[in-house]
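The structure appears below as structure tokens.
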Amino acid sequence: TAVSLEETGKVEIVALDKTGTITSGEPKVTDVLAADGTSEEELLKLAYSLESRSEHPLAKAIVAYGAEKQAEQIPVSEFKALPGNGLEGKKVGDADVKGGSLKFAQSQTEISEKIKSQAEKLAEEGKTPLMFLKNGILAGMIAVADVIREDSPQAVKELQNMGIEVVMLTGDNERTAKAIGRQAGVDRVIAGVFRMVRKK
């Protein structure tokens with residue numbers, strides 16, 4: 001409407017969701033790092049089974065990777081999304097499995113400095129490291145990356161040329177968010193924004 005167009009001309013700040021707007025929205029698994037005492041096969045099996053119940057774009061990347069690798073999928077019962085970027089399946093086979101961000105994992109168990117360092121390195125590369133726990137013990141980490149759209153930097157620049165501040169919102173951790181933000185050229189990054197995830 002004419003009123004909408006008039007109001008648009010007064011815009012000073014544009015807030016963009018990272019996933020699917022600045023990025024392609026089609027994240028892919030880039031790294032699978034099993035913890036000591038756990039095989040990559042076991043880690044992928046647990047992650048694949050748990051994430052198959054989630055609708056989050058990062059979950060879809062792990063599910064696609066699990067299917068590609070023909071990983072075993074275990075039935076999951078009592079699935080729920082947990083506050084603070086986490087998921088839980090009370091019965092994944094005979095195990096209690098949880099998955100989520102490094103911050104979430106640290107709230108559930110002790111994470112070694114080695115693992116934290118690896119997670120930070122992945123985040124600085126613009127990847128999102130996801131931790132998976134089996135019966136309260138870290139089973140490993142799977143990193144997922146969602147590359148920015150080719151035209152995002154140009155679109156951001158055009159908005160800035162119009163005098164509009166461009167803010168990127170994301171549920172990612174701050175390191176990953178800032179890495180993507182630098183690539184896109186946004187003015188400000190707000191990380192750790194939670195979103196509601198519907199259960200299947």
Side-chain angles (χ1 to χ4, degrees), residues 19 23 26-147 170-180 191-192 194 197 199:
T19 303
T23 65
E26 297 180 0
K28 298 187 183 301
V29 169
T30 58
D31 304 81
V32 179
L33 304 169
D36 293 341
T38 304
S39 66
E40 282 192 13
E41 182 181 10
E42 174 73 4
L43 169 60
L44 184 56
K45 178 172 68 174
L46 296 173
Y48 180 40
S49 301
L50 181 65
E51 297 287 5
S52 67
R53 298 292 301 276
S54 172
E55 295 180 353
H56 194 280
L58 298 184
K60 291 177 181 177
I62 292 177
V63 171
Y65 185 79
E68 178 189 331
K69 297 296 182 181
Q70 298 183 325
E72 180 184 354
Q73 189 171 10
I74 313 167
V76 177
S77 61
E78 298 182 47
F79 171 85
K80 61 181 177 180
L82 302 172
N85 288 344
L87 301 172
E88 178 179 38
K90 281 285 187 184
K91 293 179 181 176
V92 182
D94 60 353
D96 177 4
V97 177
K98 294 178 181 178
S101 65
L102 173 60
K103 182 179 178 181
F104 170 75
Q106 287 179 301
S107 73
Q108 303 293 312
T109 190
E110 187 173 342
I111 304 296
S112 71
E113 289 301 320
K114 177 185 175 183
I115 294 294
K116 282 191 275 188
S117 177
Q118 288 176 323
E120 288 169 0
K121 182 176 181 295
L122 291 167
E124 285 169 356
E125 295 171 1
K127 301 173 183 178
T128 301
L130 301 171
M131 307 287 172
F132 294 91
L133 287 66
K134 179 180 179 181
N135 295 329
I137 299 172
L138 183 70
M141 171 171 53
I142 296 178
V144 177
D146 186 11
V147 298
T170 177
D172 276 343
N173 67 75
E174 196 166 347
R175 286 176 185 268
T176 300
K178 285 184 174 178
I180 297 295
F194 297 156
V197 179
K199 293 189 288 184

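One-based numbering along the sequence shown.
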Residues Glu124 and Ala179: closest non-hydrogen pair is O-CB, 3.7 Å

Just wondering, do Ile74 and Lys45 contact through their side chains at under 4.5 Å, heavy atoms? yes

Can you tell me how far CG of Leu50 sits from NZ of Lys98, rounded to the nearest 0.5 angstrom? 11.0 Å

Would you check, one step at a time, whether the test side chain to side chain contact (heavy atoms under 4.5 Å, CB included) holds for Val97 with Leu133? CA-CA 6 Å; Val97 177; Leu133 287 66; over 6 Å; no

Donor on one side chain, acceptor on other, Thr128 and Asp172, under 3.5 Å: yes

Are any of the side-chain nitrogens in Glu41 or Lys69 under 4.0 Å away from the carboxylate oxygens of its partner? no

Between CE of Met131 and CZ of Phe104, what distance do you get to the nearest 0.5 Å? 12.0 Å

May I ask you to test the Lys134-Thr38 pair for a side-chain heavy-atom distance under 4.5 Å? no

With side chain to side chain contact (heavy atoms under 4.5 Å, CB included) as the criterion, how do Lys90 and Glu88 come out once you've worked through the C-alpha distance, each side chain's angles and the decisive distance to 0.1 Å? CA-CA 6 Å; Lys90 281 285 187 184; Glu88 178 179 38; 3.7 Å; yes

Nearest heavy atoms of Val76 and Arg53, plus distance in Å: O-NH1, 2.8 Å

What I'd like to find out is whether the side chain of Ser52 reaches to under 4.5 Å of the side chain of Gln73, using heavy atoms alone. yes

Please report the closest heavy-atom contact between Ala105 and Ile111, naming both atoms and the distance. CB-CD1, 4.1 Å

Within a strict 4.5 Å, meaning less than it, do heavy atoms of the Glu40 and Glu42 side chains meet? no

To the closest 0.5 Å, what do you measure between CD (Glu113) and NZ (Lys116)? 4.0 Å

From Ile180 CD1 over to Glu125 CD, what is the distance, rounded to the nearest 0.5 angstrom? 11.5 Å

Any chance you could measure Leu44, atom CG, to Glu68, atom CD, to the nearest 0.5 Å? 10.0 Å

Does Asn173 reach the side chain of Pro129, with side-chain heavy atoms less than 4.5 Å apart? yes

Side chains of Leu33 and Ile142, heavy atoms from C-beta outward: is any pair under 4.5 Å? no

Could you walk me through whether Met141 and Asp31 pass the side chain to side chain contact (heavy atoms under 4.5 Å, CB included) check? CA-CA 8 Å; Met141 171 171 53; Asp31 304 81; over 6 Å; no

Separation of Ser54 OG from Lys80 NZ (nearest 0.5 Å): 15.0 Å

Do Phe132 and Ile62 make a side-chain contact, defined as non-hydrogen atoms from C-beta onward lying under 4.5 Å apart? yes

Take a 6.0 Å sphere around CD of Glu110 and say whether it holds more than 12 heavy atoms from other residues, nucleotides or ligands. no

Salt bridge flag under 4.0 Å for residues Lys28 and Glu26: no

If we only count heavy atoms from C-beta on, is the Glu51 to Leu87 side-chain gap below 4.5 Å? yes

Heavy-atom pair with the smallest gap, counting every atom of Pro27 and Val144: CB-CG1, 3.4 Å

Test item: Thr109 side-chain N/O and Ile137 main-chain N/O as donor-acceptor pair under 3.5 Å: no

Taking Lys178 first and then Glu174, would you say they form a salt bridge - that is, a charged N and a carboxylate O separated by under 4.0 Å? yes

